[in-house]
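Chain letters run A, B, ... following the sequence lines, proteins first and then strands; every chain starts at 1.
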There are 2 protein chains.
Amino acid sequence: MRLSKRGEYGMRAMILLANQKAESDIHFMQIKEIAQREQIPSKFLEQILLTLKNAGLVNSKMGVNGGYYLSKPANEITLGQVFRVLDGPLAPIRCVSQMAYEPCGCPDEESCGLRLVMLDVRNAISDILDNTNLEQVAQRVENVRNKQPSLNPLNSDF
Amino acid sequence: MRLSKRGEYGMRAMILLANQKAESDIHFMQIKEIAQREQIPSKFLEQILLTLKNAGLVNSKMGVNGGYYLSKPANEITLGQVFRVLDGPLAPIRCVSQMAYEPCGCPDEESCGLRLVMLDVRNAISDILDNTNLEQVAQRVENVRNKQPSLNPLNSDF
DNA sequence: TTTATAGTCTACTATTATAGTAAACATACT
DNA sequence: AGTATGTTTACTATAATAGTAGACTATAAA
């Protein structure tokens, strides 16, 4: 589980799209606007959104006033899904991956200490990302924005 | 958190060294032997062990009957330490890294939804790797080996 | 004191992933 | 018809990964 730039940009774009959806029901958001608001190179973002579209997570409309939008309600898209599309398996090592298992070459997988621990890690990651959807993230963002208008910028609990 | 081949090989070597230490008090284990038992290219393993030595996690003795051994008791070396030496920060993204923080370029870090979630992920990973030491891994391996003597047909103990 | 053994160090290579850029093309609204 | 938008293909530069090769150095036993 390491987030590449592609993954980071794609996740941020999806979260932004989820926020938009909450505001007006179907808003076509253009690459240029997303790129500007999230500080992402727009040509790179183009590739990323295309990948997400091919995976069925977003749709788009061409032409004037076109743009991108989530293909499903925000609460039906998990961060795990987005991550897997852009950065592959959640597992830190293939021998504990659910979606892309491969033997790693250790002499005995059953009693491989590394594998036992990494399986725990994979499950911990999955517990978070597969159980967090875009709506929940958008909600968290809003909570932070509302609850602290002017307190200590380093403190995130109040 | 993604384990490279370097990381995987290094972790497996460390776990093997931890097992050896339990058996005879100071046993110098040679690169060749580790490479053979763990199926690791020995020239690559050489580099990895050197890195671990420079980080102070193992020591070595040159010459006839030389080899490598853990520089500290197995219960004082965590998987987190080994991982960081070979594969860098645990965090999936730099903006939530404790050891190698860097801003990621989002417009407002405080209210970045991605960052909030990734911080949870980082902490979940750290909870496991920074609280698991080589002795515990060795113990887990032994438990598996003892408790299932003949279930797995690939088991090489019989 | 020679010799075999074992780690050390410096270079080099091949492949893949990352992070883009550029330009032609297709579609849809006015 | 023209313009704004997404689509597709092709290209590039840099870095990381996964090694390999070979010379060098230290140790201990014969």
Q | N-O pairing of A/Lys5 and A/Glu8 below 4.0 Å | A | yes

Q | A/Gly7 vs A/Asn65, nearer the 5' end of DNA chain C by closest nucleotide | A | A/Gly7

(Q) On the nucleotide C/dT8, are OP1 or OP2 found under 4.0 Å from the side-chain N or O atoms that B/Tyr68 carries? (A) yes

(Q) Check the phosphate of D/dG19 against B/Tyr9, side-chain N and O only, distance under 4.0 Å to OP1 or OP2. Yes or no? (A) yes

Q: May I have the distance from A/Leu45 (atom CG) to C/dA19 (atom P), rounded to whole angstrom?
A: 14 Å

Q. Going by heavy atoms closer than 4.0 Å, what residues in residues 85-98 of chain A are next to DNA chain C?
A. none

Q: Calculate the interatomic distance between B/Leu3 atom CG and D/dT17 atom P; express it in whole Å.
A: 11 Å

(Q) Can you see whether A/Ser4 engages A/Asp87 through a side-chain donor-acceptor pair at a distance of less than 3.5 angstrom? (A) yes

Q) Taking CD1 from A/Ile40 and C1' from C/dA19, how many angstroms apart are they, rounded to a whole number? A) 13 Å

Q: Taking the side chain as every heavy atom from C-beta outward, state whether A/Cys104 and A/Arg115 have any atom pair closer than 4.5 Å.
A: no

Q: Specify the separation, in whole Å, of atom CG of B/Asn54 and atom P of C/dT8.
A: 8 Å

Q: Send over the distance from B/Lys32 NZ to C/dA4 P, rounded to a whole Å.
A: 14 Å

**Q.** Sugar-phosphate, base or nothing in reach of B/Leu49, heavy atoms under 4.0 Å
**A.** nothing

Q | Proximal nucleotide (of D/dT8, D/dA18, C/dG20) relative to the A/Phe44 side chain | A | C/dG20

Q.
Could you check whether A/Lys32 and A/Ser42, counting side-chain N and O atoms only, form a donor-acceptor pair closer than 3.5 Å?
A. no

Q) Within a reach of under 6.0 Å around CG of A/Asn65, are more than 12 heavy atoms found that belong to other residues, nucleotides or ligands? A) no

Q.
What is the distance, to the nearest angstrom, from the CD atom on A/Glu8 to the C1' atom on C/dG20?
A. 14 Å

Q: Only counting residues at least two apart or in another chain, list the ones meeting salt bridge (charged side-chain N to carboxylate O under 4.0 Å, His left out) with B/Glu135.
A: none

Q. What nucleotide, of D/dA18, C/dG20, C/dA11, holds the atom closest to the side chain of A/Gln47?
A. C/dG20

Q) Between D/dT17 and B/Arg6, is there an OP1 or OP2 to side-chain N/O distance shorter than 4.0 Å? A) yes

Q. Can you tell me how far CD of A/Glu109 sits from OH of A/Tyr101, rounded to the nearest 0.5 angstrom?
A. 3.5 Å

Q: Flag the pair A/Arg145 and A/Glu142 as a salt bridge only when some basic side-chain nitrogen lies within less than 4.0 angstrom of an acidic carboxylate oxygen.
A: no

Q. Can you check whether B/Ser60 has a side-chain N or O nearer than 4.0 Å to OP1 or OP2 of C/dA6?
A. no

Q) Are A/Asp127 and A/Arg122 within salt-bridge range, i.e. N to O under 4.0 Å? A) no

Q.
In this structure, how many angstroms lie between the C1' atom of D/dA4 and the CD1 atom of A/Ile31, rounded?
A. 12 Å

Q) D/dG6 C1' sits how many Å from A/Ile48 CD1, rounded? A) 15 Å

When you compare the protein's N or O atoms with those of nucleotides 23-28 of chain C, which come within less than 3.5 Å of each other, and at what distance?
| unit_1 | atom_1 | unit_2 | atom_2 | d |
| --- | --- | --- | --- | --- |
| C/dA23 | N6 | A/Lys43 | NZ | 3.1 |

(Q) Measuring to OP1 and OP2 of D/dA18, would you say a side-chain N or O of B/Ser4 lies under 4.0 angstrom away? (A) yes

(Q) Using the rule given for side chain to side chain donor-acceptor pair (under 3.5 Å), can you reason through A/Asp108 versus A/Ser111, listing the C-alpha separation, both sets of side-chain angles and the distance that settles it, and then say yes or no? (A) CA-CA 6 Å; A/Asp108 177 24; A/Ser111 65; 2.9 Å; yes

